[in-house]
Amino acid sequence: MRWLVGAVLAGCVALPGTASAQNSNLNAIRVCNQTSKSISVAKASATGQTEKGKPIFMSQGWYTLAPSECNVLWQAPFVTRYYYVYAESSGSHWSGNYPMCVSEKAFRIADNQCAQGYKRRMFNEIDTYGKSGMFTYNFQGR
């Protein structure tokens, strides 16, 4: 069963399928559902730790977003430069180039490869280097 995270925000502005920083007093990364159906979102970021020379990433999900809803996934201070997001809905997915682990049910996974029972999905990258403000990643309609 997918779970819903409370802090839902409205009013997303960004280029389709990209992350952008807006001038704001709030330094955060949020995702917005710009589709006509509910989507389930997963997030990931580096932990700063390694195992056998490979970085360990923490992936978490699922955050359910109704059409036109937004949700803050990370708040500043940012502890790493790159953050990752992935979304899916019945028959659709919004993937990128960065493999991370997910599970069918609510999850919090810290690993450098997918253990048994997890699935690998390709996440989109958000680069925060040299920027401040509100980063918004829009999942566009499919």
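Computed from a predicted model, the values in this text were never measured in an experiment.
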Of all heavy-atom pairs between [X] and [Y], which one has the smallest distance, and what is that distance?
| X | Y | value |
| --- | --- | --- |
| Arg120 | Cys114 | NH2-N, 3.3 Å |
| Ala46 | Thr80 | CB-OG1, 4.3 Å |
| Ser38 | Ala66 | OG-CA, 3.7 Å |

Beyond-backbone contact of [X] with [Y], side-chain heavy atoms, under 4.5 angstrom:
| X | Y | result |
| --- | --- | --- |
| Tyr63 | Ser40 | no |
| Val102 | Tyr118 | no |
| Val41 | Leu65 | yes |
| Glu88 | Trp62 | yes |
| Trp74 | Ser45 | yes |
| Phe57 | Asp111 | no |
| Arg121 | His93 | no |
| Glu125 | Asn97 | no |

Could you tell me how the ring of Phe135 sits relative to the ring of Phe78: parallel (under 30°), tilted (30 to 60°) or perpendicular (over 60°)?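 Geometry flag for Phe78 against Phe135: perpendicular rings.
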Is the backbone of Thr35 close enough, under 3.5 Å, to the side chain of Asn33 for a donor and an acceptor to pair up by distance?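 Yes; at least one donor-acceptor contact below 3.5 Å.
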Any donor-acceptor N/O pair, Asn27 side chain to Gly133 backbone, under 3.5 Å: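 Side chain of Asn27 to backbone of Gly133, a donor-acceptor pair under 3.5 Å: yes, one is there.
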I need the single residue from Ser89, Pro67, Ser92 that forms a side-chain contact (heavy atoms from CB on, under 4.5 Å) with Ile39. Which is it?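 Testing Ile39 for a side-chain contact (heavy atoms from CB on, under 4.5 Å) against Ser89, Pro67, Ser92 leaves exactly one candidate, Ser89.
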[X] and [Y]: same hydrophobic cluster, using ILVMFWY side-chain contacts below 4.5 Å?
| X | Y | value |
| --- | --- | --- |
| Val85 | Met58 | no |
| Ile29 | Val79 | yes |
| Ile56 | Met100 | no |

What is the distance from atom [atom1] of [X] to atom [atom2] of [Y], rounded to the nearest 0.5 Å?
| X | Y | atom1 | atom2 | result |
| --- | --- | --- | --- | --- |
| Trp94 | Tyr137 | CH2 | OH | 11.0 Å |
| Gln140 | Gln34 | CD | CD | 5.5 Å |
| Phe139 | Cys32 | CZ | SG | 9.5 Å |

After noting the C-alpha distance and the side-chain angles of Arg81 and Asp127, does the key distance pass the side chain to side chain contact (heavy atoms under 4.5 Å, CB included) rule? CA-CA 6 Å; Arg81 175 178 173 176; Asp127 184 354; 2.8 Å; yes
Would you say Thr136 and Arg30 are linked by a side-chain donor-acceptor pair, where the criterion is simply a distance under 3.5 Å?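 Judged by distance alone, the side chains do pair up.
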Will you find, in the side chains of Asn124 and Tyr86, an N or O donor that is under 3.5 Å from an N or O acceptor?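 Looking only at side-chain atoms, Tyr86 and Asn124 do not form any donor-acceptor pair under 3.5 Å.
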Worked verdict on Leu73 versus Tyr84 for side chain to side chain contact (heavy atoms under 4.5 Å, CB included): CA-CA 10 Å; Leu73 297 183; Tyr84 303 89; over 6 Å; no
Chi angles and distances behind the side chain to side chain contact (heavy atoms under 4.5 Å, CB included) call for Ser59, Phe107: CA-CA 8 Å; Ser59 58; Phe107 66 92; 3.7 Å; yes
